[in-house]
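In each ligand, atom 1 is the first atom listed, and ligand 1 is the first ligand listed.
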Amino acid sequence: MREIILVKYGEMALKGQNRSSFEDVLLRNIRYRLKKLGKFSYSKAQSTIYVMPEADTDEACDELLAEAMPRLKKVFGIAALARALSCEKSFADISARAIPYLADALNAAKTFKVEAKRADKTFPMKSPQICADLGGILLENYPHLSVDVNHPDVTVTVEIRDLNAYVHAARERGAGGLPVGTAGNAMLLLSGGIDSPVAAYMMAKRGLRITACHFASPPYTSERALLKVEQLCEKLTPWCGSMAFYCVPFTEIQEQLQRNCPEEYFTILMRRLMMEIACRLAEREDCGAIITGESLGQVASQTLPALQCTDAVATMPVLRPLVGMDKTEIVEISRKIDTFDISIQPYEDCCTVFTPRHPKLRPRLEDVAAAQALVDFAPMVEAAVAGAEKKVFAQHISENQML
Ligand code: ATP
Ligand code: MG
């Protein structure tokens, strides 16, 4: 038996001239994703990438396929994927081998239909005939089944392609979106909370390669709080690919803020200073945008006037993919991407340590700027940028740790 995975692209197939570079990036991401799993060979044709396990026995191939599927389901740019039986391009071979291959799927179903896609128009049978003939043979071999063309439990698909024919039962949904890297780079402000990892996932889905930065204020924030953020990075790599991560020393800035600036502006000033530093790191990393996990009205620093004050210091677009989402919707995604349990660990964040008792809900930009001007933060910003420590979280390494 020779079984492979058919990977179908979705949206990217629409991207006209960019298509071949999108395909190349997707293929590269897939290769990288499966690199540590075992040997695979790859080819692409007709909006499909063929992922073929290279192992000596059927059992070993089966194992590779079983492990590849869940990984591939997290690769953005894939609309659907299916394990498929590779057959010779003859109806005799297709039908003979489809019968045992489809046993599990058909035994569990009551109704089915056959669909045929004939990319190779020289194949002697037309699609309706393939469907009718294979349908008849499957009915003979699985007499409990009946045909339902509208709502079948199982759709058996036969694809006649250039070199081979492929037979598969259900297609599974892929992660959708665009391949990571096709939309450029962006710098994520990653706190230890629930929201910012979800923001990373959402923007990686739109094709951005993510670099993260986290502001730490030891000794007010602990080593374990930082570790938690690093764990979040690791959890994100199956979706985002390898991620660079900056840990920015923020203690001095926060102490100066606390000592010299009005308390009601602490949070908003902290946001502005974070934004300034993040933009500097973003320029260094060739990023075209900043990403945050802010959601409109969630807390005092996320009102429109507060966002305006933060954006006033940004030197590039600030993307806030959660801006219109409720917490319950955000939590749902964080559970799906498996960051929730890490996010709710109760380690202090620099924001919580320095939270003002009565933050300004509608800060005016002039007042905020005046409050900030009480201290010359420029050298501290320089020092923070210079002192930021970079680490890279490679996808396949974290993957191995997770196994
Ligand atoms: P999260 O949004 O991740 O759940 P949170 O809800 O506590 O954390 P806020 O403290 O309101 O969020 O922060 C809003 C956004 O600011 C975060 O989503 C994140 O993008 C950024 N941010 C906050 N604290 C930090 C930090 N210590 N390092 C980096 N970014 C931060
Ligand atoms: Mg938040």
Engineer: Does Tyr101 reach the main-chain N or O of Glu3 with its side chain, forming a donor-acceptor pair under 3.5 Å?
Structural biologist: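 No, the answer is negative, given that no donor and acceptor are paired below the 3.5 Å cut-off.
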Engineer: Can you tell me if Ala199 contacts ligand 1 (heavy atom of the residue under 4.0 Å from the ligand)?
Structural biologist: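 Per 4.0 Å heavy-atom rule, Ala199 does not contact ligand 1.
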Engineer: Is there any N or O on Gly293 that sits under 3.5 Å from an N or O of ligand 1?
Structural biologist: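 Among all N and O atoms of Gly293, at least one is under 3.5 Å from an N or O of ligand 1.
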Engineer: I'd like to check which ligand 1 atoms, numbered from 1 as shown, lie under 4.0 Å from a non-hydrogen atom of Cys213.
Structural biologist: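 Near Cys213, the atoms of ligand 1 are 29 (C).
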Engineer: Looking only at side chains, do Asp120 and Thr122 share a donor and an acceptor under 3.5 Å apart?
Structural biologist: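 Side chains of Asp120 and Thr122: pair found under 3.5 Å.
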Engineer: For Arg280, is there an ion pair with Glu382 - N to carboxylate O distance below 4.0 angstrom?
Structural biologist: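 Salt bridge: yes.
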Engineer: Does a donor on one side chain and an acceptor on the other come within less than 3.5 Å for Arg271 and Thr292?
Structural biologist: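 No, no side-chain donor-acceptor contact under 3.5 Å.
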Engineer: Going by atom types alone, do Asn164 and Glu159 pair a side-chain donor with an acceptor below 3.5 Å?
Structural biologist: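 Absent: no donor and acceptor within the cut-off.
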Engineer: I'd like the name of whichever of Val198, Leu189, Thr221, Thr339 reaches closest to atom 20 (O) of ligand 1 through any heavy atom.
Structural biologist: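 It is Leu189 whose heavy atom sits nearest to atom 20 (O) of ligand 1.
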Engineer: Using a plain distance cutoff, I'd like to know if Ile291 has any nitrogen or oxygen under 3.5 Å from a nitrogen or oxygen of ligand 1.
Structural biologist: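 Ile291 vs ligand 1: no N/O contact under 3.5 Å.
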Engineer: Any atoms of ligand 1 less than 4.0 Å from a non-hydrogen atom of Gly193? List them with their elements.
Structural biologist: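 Those atoms are 1 (P), 3 (O), 4 (O), 8 (O).
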Engineer: Verify whether one side chain among Thr315 and Glu283 offers a donor that lies under 3.5 Å from an acceptor in the other.
Structural biologist: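 Distance-only check passes for Thr315 and Glu283.
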Engineer: Where on Leu188 is there a heavy atom closer than 4.0 Å to ligand 1, on the side chain, on the backbone, on both, or on neither?
Structural biologist: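 The answer is neither; Leu188 stays 4.0 Å or more away.
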Engineer: Hey, does Thr292 come in under 3.5 Å of ligand 1, counting only N/O atoms on both sides?
Structural biologist: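 No; every N/O pair is 3.5 Å or more apart.
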Engineer: So between Gln302, His214, Gln298, Arg271, whose heavy atom ends up nearest atom 23 (C) of ligand 1?
Structural biologist: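 It is Arg271 that holds the nearest heavy atom.
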Engineer: Output the list of atoms in ligand 1 that are nearer than 4.0 Å to some heavy atom of Met274, sorted by atom number.
Structural biologist: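 Heavy-atom distances to Met274 below 4.0 Å select 24 (N), 25 (C), 26 (C), 27 (N).
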Engineer: Once side chain to side chain contact (heavy atoms under 4.5 Å, CB included) is applied, do any residues pair with Glu223, and if so which ones, sequence neighbours excluded?
Structural biologist: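 Expected list: Leu226.
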Engineer: Asn107: which residues meet the side-chain hydrogen bond (donor to acceptor under 3.5 Å, both in side chains) condition with it, sequence neighbours left out?
Structural biologist: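 So Asn107 forms no side-chain hydrogen bond (donor to acceptor under 3.5 Å, both in side chains) with any residue.
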Engineer: Please could you name the atoms of ligand 1 that Ile194 approaches to less than 4.0 Å, counting only its heavy atoms?
Structural biologist: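 Result: 1 (P), 3 (O), 4 (O).
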